[in-house]
Trainee: 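Sharing a structure with you now.
FYI, side chains are in, hydrogens and waters are out, and symmetry mates aren't considered; it's all heavy atoms of this structure. Nothing here was measured: the structure is a model prediction, and the numbers come from that model. Numbers restart at 1 for each chain; the letters A, B, ... are given by sequence-line order, proteins then strands.
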Amino acid sequence: MSDELNYVLQARRDKIAALEALGVAPFAYGFDRRNVAAECVGLLGEAGEGPEVQLAGRVVAWRAHGKTTFAHLGDASGRVQLYLKKDVVGEASYELDLGDVIGVRGPLFRTRTGEVTVKVEHLELLAKSLRPLPFGKEEVVDGVVVRHSAFADGEQRSRQRYADLAVHPEVRALFTARSRMTAAVRGFMDGLGYLEVETPVLQPLYGGAAAKPFITHHNALDMPLYLRIADELYLKRLVIGGFDRVYEIGHDFRNEGIDRTHNPEFTMLEFYEAYADYTVMMARVEALLIAAATAVRDALAATGLATDAPAFDPAVLQGPFARMEWLPSLSSALRVADVTAMTDTELRTAAEHAGVHGLANLSRPKLMDELFQHHVESKIDRPTFVVDYPKELSPLAKPKRGNPALTERFELFAKGRELANAFSELNDPIDQRQRFEAQARLKAAGDEEASGVDEDYLRAMEYGMPPMGGVGVGIDRLFMYLTGTAHIRDVILFPTMRPE
RNA sequence: GACCCGGUAGCUCAGUCGGUAGAGCAUGCGGCUUUUAACCGCCAGGUCGUGGGUUCGAUUCCCACCCGGGUCACCA
């Protein structure tokens, strides 16, 4: 059915015409707001009648009783009940719809049932709602809000986030918590003397990760540009330039499938610190996670949301987090003395038992990685650092001092998922050139995820790159973890979706 | 990409073993000056995801496609 013919929409449009005939402007220019809903309870205190308040917000509940009406006004702070009398506010202002944006003025009082209420003496329509918001009905049973006929279609809630937010205060609270978390992350980095920088989103060459890029075209330069898949190579250029500690929080773009943990654009925190090795970065990540968890806990504590999530777990809020070494923990999980001593056949058999797919094409290191994911990673619940990865699995990390078969790399896992990935960064331009060339050969052979040789980056390295530690943290996934959110689309305001 | 589940009124859903569909809420009208899922009465509202097939007849059965969700694969 077309929207234009919809009887509900038509009724609202008819009301606008009626209002205009009565001299009421349906869309205002502003309002002198002097109070917010949440402060009304405190302003009234224990009294039966209280001071005059002046509030603006949306009509979120409406109970008309003839010439009198009880309604609720919702704003960013919460909601407060309104009491309207037709003979007081006037006929033109009395007939409102759920969803209308209004401004009201009047004294506070307490109703027979004890609820703090604004006795509305003056009412202004600020914006007429022409389309019904999908409000459900709410009741409170044993202190818990129960919704009836709620706006529950996850797809529509993501597509029309404005409507989702408008009718679900807890969704606003969740995204507020996300904002507090990134603010805390910035505060943490700034406090350590890190400089927040911005590097190009549009790049002539992409690199820093293995992923398929989005490709676009610049008309005036008549050349292809890629949306970045990582910030890494530009941030390291800045360390070469003398910014010892830099970080960036921004979007990376990867041209891959969409599922509950993948959105084509996502928020990444990367930070690089000169003269620090991976042990220093591990301490940074630990403190960062605690700062993020604390911010999320503080933001959600007052709302009662997700109180059983990791952000409320004392072990997450305090640290220190467990450490485990890659090879010994895998050996132990497989109940062998040394996993590297296993034959290929033994590894394959073990992988088969673990249910690994596509065994035939897997190299020995990949087999071990699959086994590690199945037997170790997936069983990690509380934040745990996994350290010292085999060299074959970590082409961007420096070899481990004293054991060149391993690298100085760690990942942080929790609830079976990766939260952070970090290395002592490679700073040898000759080695780096060889690795780029290997990538370029893969790319030439058709590997869409391989990158090319970044000559400009090599030139930067050749000037002399200080040793440094680097970390990447997926902000969406970190927030999902801390709040116990299952879908990435529920922590992204406007997730990527097919057009309707 | 494979398999499974779903798409019916503005919202949440039911239903039709094949005979062009119902409820609650919302909307409209009437009543109601302390209610809070307000209440009472009446009315209206749907090309049952799209296209094709079988059939006298398809929202229902079959096929294809679109959209969404789930599981798996992919995503160092």
Side-chain angles (χ1 to χ4, degrees), chain A residues 1-3 5-12 14-15 60-72 79-88 94-95 97-99 109-115 117 119 129-141 145-160 163 167 208-212 229-230 254-264 266 355-358 361-363 365-366 369-370 372-373 389-390 392-397 407 409 411 418 421 439 442 447-450 472 486-487 489 497-500:
Chain A
M1 148 173 290
S2 99
D3 285 344
L5 298 177
N6 181 280
Y7 64 101
V8 178
L9 301 183
Q10 190 55 53
R12 296 279 177 105
D14 292 346
K15 284 183 185 181
V60 296
W62 188 260
R63 297 178 296 282
H65 303 65
K67 294 181 178 60
T68 188
T69 293
F70 284 96
H72 274 89
R79 48 152 64 188
V80 65
Q81 184 166 256
L82 306 179
Y83 181 57
L84 308 171
K85 288 185 175 183
K86 192 171 189 174
D87 52 2
V88 173
Y94 186 69
E95 299 288 343
D97 286 306
L98 220 48
F109 76 110
R110 194 178 306 278
T111 63
R112 184 184 289 167
T113 56
E115 181 160 353
T117 303
K119 186 178 289 179
S129 170
L130 285 183
R131 181 181 292 273
L133 276 166
F135 283 107
K137 296 233 169 185
E138 292 180 1
E139 67 174 327
V140 179
V141 179
V145 174
V146 178
R147 286 216 178 81
H148 303 272
S149 303
F151 184 34
D153 182 331
E155 179 195 344
Q156 286 306 323
R157 288 177 62 178
S158 294
R159 286 190 190 282
Q160 300 191 45
V167 304
K212 291 178 209 162
I229 59 172
R254 297 187 183 176
N255 209 337
E256 291 158 0
I258 296 171
D259 63 29
R260 89 171 99 153
T261 59
H262 294 81
N263 195 62
F266 57 96
V356 175
H357 297 259
N361 301 321
L362 293 181
S363 64
K366 281 300 294 176
D369 192 35
E370 291 285 349
F372 190 84
Q373 285 176 23
Y389 279 66
E392 295 88 341
L393 297 175
S394 308
L396 296 176
T407 53
R409 173 188 181 190
E411 292 195 277
E418 178 193 322
N421 185 16
Q439 285 284 305
L442 287 173
D447 184 344
E448 290 180 276
E449 294 182 357
H487 294 79
R489 62 150 198 254
M497 300 186 81
R498 225 179 267 274
E500 286 177 276

Trainee: Heavy atoms under 4.0 Å, any strand shown: does A:Lys15 hit a base, just sugar-phosphate, or nothing?
Mentor: sugar-phosphate

Trainee: Write down the distance between CZ (A:Arg159) and P (B:rG10), rounded to a whole number of angstrom.
Mentor: 17 Å

Trainee: Send over the distance from A:Glu370 CD to B:rA73 P, rounded to a whole Å.
Mentor: 9 Å

Trainee: For A:Ala64, which contact category applies under a 4.0 Å heavy-atom criterion: base, sugar-phosphate, or nothing?
Mentor: base

Trainee: From the options B:rU35, B:rG68, B:rC75, select the nucleotide whose nearest atom is closest to the side chain of A:Glu256.
Mentor: B:rC75

Trainee: Is the shortest side-chain N/O distance from A:Lys137 to OP1 or OP2 of B:rA26 below 4.0 Å?
Mentor: yes

Trainee: Just compare B:rC75, B:rA38, B:rU33 and give me whichever is closest to any side-chain atom of A:Arg63.
Mentor: B:rA38

Trainee: Less than 4.0 angstrom between a side-chain N/O of A:Arg112 and OP1 or OP2 of B:rU35, yes or no?
Mentor: yes

Trainee: Looking at every strand, decide which applies to A:Asp87 at a 4.0 Å heavy-atom threshold: base, sugar-phosphate, or nothing.
Mentor: base

Trainee: Can you tell me how far C1' of B:rA76 sits from CG of A:Leu393, to the nearest Å?
Mentor: 8 Å

Trainee: Classify the angle between the aromatic ring planes of A:His65 and A:Phe70 as parallel (below 30°), tilted (30 to 60°) or perpendicular (above 60°).
Mentor: perpendicular

Trainee: Heavy atoms only: give me the nearest A:Ile229-A:Arg254 pair and the separation to one decimal.
Mentor: O-NH2, 2.9 Å

Trainee: Strictly by Watson-Crick or wobble contacts shorter than 3.5 Å, is anything paired with B:rG68, and which nucleotide is it?
Mentor: B:rC5

Trainee: I want to verify a distance call: between B:rU35, B:rC11, B:rG70, whose nearest atom is closest to the A:His487 side chain?
Mentor: B:rG70

Trainee: Separation of A:Ile258 atom CD1 from B:rG70 atom P, in whole Å?
Mentor: 12 Å

Trainee: Determine the contact category for A:Phe109: base if any of its heavy atoms lies under 4.0 Å from a base atom, sugar-phosphate if only primed atoms, P, OP1 or OP2 are that close, otherwise nothing.
Mentor: base

Trainee: Heavy atoms from C-beta onward define the side chain here; which of B:rG28, B:rU35, B:rC32 lies closest to that of A:Ala11?
Mentor: B:rG28

Trainee: Check the phosphate of B:rG69 against A:Arg489, side-chain N and O only, distance under 4.0 Å to OP1 or OP2. Yes or no?
Mentor: yes

Trainee: Taking the side chain of A:Asp369 as heavy atoms from C-beta outward, which of B:rA76, B:rC74, B:rC32 is closest to it?
Mentor: B:rA76

Trainee: Among the nucleotides B:rC11, B:rC75, B:rG68, which one has an atom lying closest to any side-chain atom of A:Pro134?
Mentor: B:rC11

Trainee: What's the closest nucleotide to the A:His65 side chain, out of B:rC11, B:rU35, B:rA37?
Mentor: B:rU35

Trainee: As a test of reading the structure: which of B:rA76, B:rC11, B:rU33 is closest to the side chain of A:Phe151, going by heavy atoms?
Mentor: B:rC11

Trainee: If you only use heavy atoms from C-beta on, which nucleotide in B:rG70, B:rU35, B:rC74 is closest to the side chain of A:Asp259?
Mentor: B:rC74

Trainee: Measure from NZ on A:Lys86 to C1' on B:rG31 and round the result to the nearest Å.
Mentor: 12 Å

Trainee: Return the value, rounded to whole Å, for the distance between atom CG of A:Asp153 and atom P of B:rG69.
Mentor: 10 Å

Trainee: Under 4.0 Å, counting only non-hydrogen atoms across every strand here, what does A:Tyr83 touch: a base, just sugar-phosphate, or nothing?
Mentor: base

Trainee: Can you tell me how far P of B:rC11 sits from CZ of A:Arg157, to the nearest Å?
Mentor: 14 Å

Trainee: Out of B:rU12, B:rA76, B:rA37, which nucleotide sits closest to the side chain of A:Glu139?
Mentor: B:rA37

Trainee: Between A:Lys137 and A:Glu139 (salt bridge meaning N to carboxylate O under 4.0 Å), is one present in this structure?
Mentor: no

Trainee: Testing the basics here: between A:Thr407 and A:Ala397, what is the closest heavy-atom pair and its distance to 0.1 Å?
Mentor: CB-CB, 3.7 Å

Trainee: Given atom CG of A:Asn255 and atom C1' of B:rC75, what is their separation to the nearest angstrom?
Mentor: 12 Å

